[in-house]
Amino acid sequence: MTVRTRVAPSPTGDPHVGTAYVALFNYCFAKKHGGQFVLRIEDTDRARSTAESEQMILDALRWTGVTWDEGPDVGGPFGPYRQSERSEIYARHAELLLEKGEAFRCFCTPERLAELRAHQLAGGGGALGYDGQCLTLEPEEAAARAAAGETHVVRLKVPRAGICHVQDLLRGTIDIAWSEVDMQVLLKSDGMPTYHLANVVDDHLMGITHVLRGEEWISSAPKHLRLYAAFGWEAPQLCHLPLLRNPDKSKLSKRKNPTSILYYQRMGYLPEALLNYLGRMAFSMPDAAEKFGLDAMVEAFDLARVSPGGPVFDVEKLDWLNGRWIREDLDDDAFAERVVRWALNRDYLGPVIPLVKERIERFSQLPGLAGFFLEGLIDLTPEMLVVKKLNEDDVRRVLAWTLWQIDTLPAWKLEPIEATLRATADLLEMKLRDYLAPLFPALTGKPSSTPLFQSMEALGRDMTRARLKHALDVMGGLGKKAEKRERKAFDAARAAAAGDDAAED
RNA sequence: GUCCCCAUCGUCUAGUCAGGCCCAGGACACCGGCCUUUCAAGCCGGCGACGCGGGUUCAAAUCCCGCUGGGGACGCCA
């Protein structure tokens, strides 16, 4: 049997370091056993998936140095590798489960489900989940209603009693009572599959033998196992990797930490170093080596060397590793070439050139005017940020609200960035000029610079977020109480603004 | 609220499965020194952990139980 593993990112945002982490371990496991590693795009969420995000993920993953044998860009014998192109397959398999009596149609409205949920939560909790109302429907009647065009979903039937024994390569047997397992929606009312159905169908059809995925999936493993059994398929071996953590130990999140691979690129980390660092998360080399390349990791890879505790993703050691990679592995030519590839090229400088060309008379002014495009976090003091008529609280508010606002943007493009920042000034009932004043130093280190919106676009979302957050930290942070208060005011202002918009329509 | 996962220096970890070689080893960070025109780098040294309580055993970081702590999941998101 050939070992086949996969990574299955969802193209709903920036490429996440967690994706690279899981990809790395899957890659190493497959290659160690002479097998194949597959990249599959899980874009069944039509509302949130975008082609741009998919492209960024592919590019970023390739940048890290991990390669895949099959995928949407390179093809392969088990394609298509993009779930949105496999809809009929899932529909057919959902139908199969219906026929076998392993699944049922559910006509409950989202409103009823929300009510049910609220009621369960209020009524002392216990296991939350679907109450099985539509389970009582006769299959013929349900089929007739569906044929008549009535909106519905397909749900998985789950045993009401007994224990599901999940075999985990890292954690041994995990026992979960079937009563804890929800009757998961398999096919949404738009005809698209949920993750659970698509994932199981694809893993089987693509011959995946080992699933190494994040720990967050443990609780849904029984659903997946049930699905394999319902189809009459052999399930792959499961292995739940520990989750990367923020310094406060919570699951790594962009709110608390830069999570985008693009950010680490922009900061000037070498892909070798980033991969090396990710390889030190929960894994260690038998010879205790700290610095090692991908091939060496493949060679030494062994799940027995993976520890189950969640590691904190803390960049201090990444910095040190990156320094070693620069110093020990780049000769002068390679160094020059890498720096050019990093930022001193038309791709990165392209959008910046029109911004600076108008504003300089000598190239030697370039570092002063545009140096911030090449920097990491900006050296700041509170005095640099407290400008115009604003006081310290105003500045903190501007930074916090802006931070919250940029996360609402679906795409990191000039027009939405500009529209959103203008809207934020309105929400704060501030003149744009005053509102933007502290953002210039926060993002560029200077009271004035190249146009802010364009500069933000070039900097990228994660770098922008990181600098704003850093500026807020320099200002002493919001503090728990102020954060709560500000967040409330922010939400209220947004709601009011949304109300106004609706009234205008 | 319910279920599940996890637990060694501040951080990443070795050791845990096969108990003694561990009054716990390495790395980052930090502190001090050496080197050096400066700063790095490099070298040397220091600080610093088996969460707590019970068992089992001649012997427990390692096995068992309880507690505590941390985390995750409970969506027509993935």
Side-chain angles (χ1 to χ4, degrees), chain A residues 8-13 16 18-19 41-49 83 106-110 113-114 116-117 120-130 151-155 163-164 166 168 170-172 174-182 184-199 213-223 240-252 276-291 304-324 326-328:
Chain A
S10 185
T12 55
H16 200 282
T19 304
I41 295 294
E42 308 226 330
D43 54 350
T44 56
D45 185 345
R46 291 189 320 182
R48 295 198 304 149
S49 299
Q83 290 186 331
C106 170
F107 299 86
C108 294
T109 62
L113 296 174
L116 174 67
R117 210 185 107 78
Q120 285 174 336
L121 226 36
L128 272 37
Y130 185 62
T151 306
H152 69 286
V153 301
V154 175
R155 285 181 187 274
I163 306 287
C164 178
V166 180
D168 184 283
L170 214 52
R171 298 155 207 274
I174 301 169
D175 291 337
I176 297 175
W178 281 115
S179 58
E180 295 293 329
V181 182
D182 195 14
Q184 183 64 48
V185 170
L186 299 176
L187 214 55
K188 308 179 219 175
S189 56
D190 66 358
M192 288 294 262
T194 56
Y195 164 87
H196 306 279
L197 207 223
N199 189 264
R213 64 193 345 177
E215 192 182 356
E216 53 196 329
W217 294 107
I218 290 179
S219 48
S220 39
K223 292 170 190 172
H240 293 94
L241 299 170
L243 254 22
L244 262 24
R245 312 288 188 94
N246 296 310
D248 70 0
K249 309 276 191 184
S250 58
K251 174 170 144 179
L252 192 66
N276 185 172
Y277 181 66
L278 289 173
R280 288 292 290 111
M281 299 278 90
F283 176 77
S284 63
M285 292 292 263
D287 64 354
E290 294 287 348
K291 175 167 168 271
R305 300 206 62 82
V306 176
S307 53
V312 171
F313 187 94
D314 185 353
V315 291
E316 275 180 347
K317 198 158 186 170
L318 171 59
D319 284 331
W320 168 77
L321 264 178
N322 202 56
R324 279 193 64 181
I326 287 177
R327 214 164 318 119
E328 297 172 13

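Letters go in sequence order (proteins before strands), and every chain restarts at 1. Note that this is a predicted model, so its numbers are computed, not measured.
Note on A:Lys291: every side-chain N or O is 4.0 Å or more away from OP1 and OP2 of B:A27. The shortest distance between the side-chain N/O atoms of A:Lys251 and the OP1/OP2 oxygens of B:A73 is below 4.0 Å. Side-chain N/O atoms of A:Lys188 include one lying less than 4.0 angstrom from OP1 or OP2 on B:C77. Regarding contacts with the backbone of B:A14, a side-chain N or O of A:Ser284 is found under 4.0 angstrom from either OP1 or OP2.
For the pair A:Tyr277 and A:Thr151, both in contact range of RNA chain B, the more 5′-proximal nearest nucleotide belongs to A:Tyr277.
Residue-to-nucleotide contacts include a donor-acceptor pair under 3.5 Å from the side chain of A:Arg48 to the base of B:C77. Taking only distance into account, the side chain of A:Glu290 meets the base of B:G26 through a donor-acceptor pair shorter than 3.5 Å.
Here the closest non-hydrogen pair linking A:Arg171 and A:Pro242 is NH2-N, 3.7 Å. Across all non-hydrogen atoms, the minimal contact from A:Leu241 to A:Leu170 is CA-CD2, 4.4 Å.
Whole-Å rounding puts the A:Leu321 CG to B:U11 C1' distance at 13 Å. Put simply, NZ on A:Lys223 is 12 Å from C1' on B:A78, counting in whole angstrom units. Rounding to whole angstrom units, CG of residue A:Asp314 and C1' of B:U11 are separated by 5 Å.
Formation of a donor-acceptor pair under 3.5 Å by the A:Ser189 side chain with backbone atoms of A:Thr151 is not found in this model.
A:Trp217 and A:Tyr195 have parallel rings, their planes meeting at less than 30° on a 0 to 90° scale where 60° marks the start of perpendicular.
One P atom belongs to B:A61, the other to B:G20, and the distance between them is 10 Å to the nearest Å.
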Using nucleotides 41-43 of chain B, report all nitrogen or oxygen pairs with the protein that are shorter than 3.5 Å.
unit_1: B:A41; atom_1: O3'; unit_2: A:Arg327; atom_2: NH1; d: 3.3

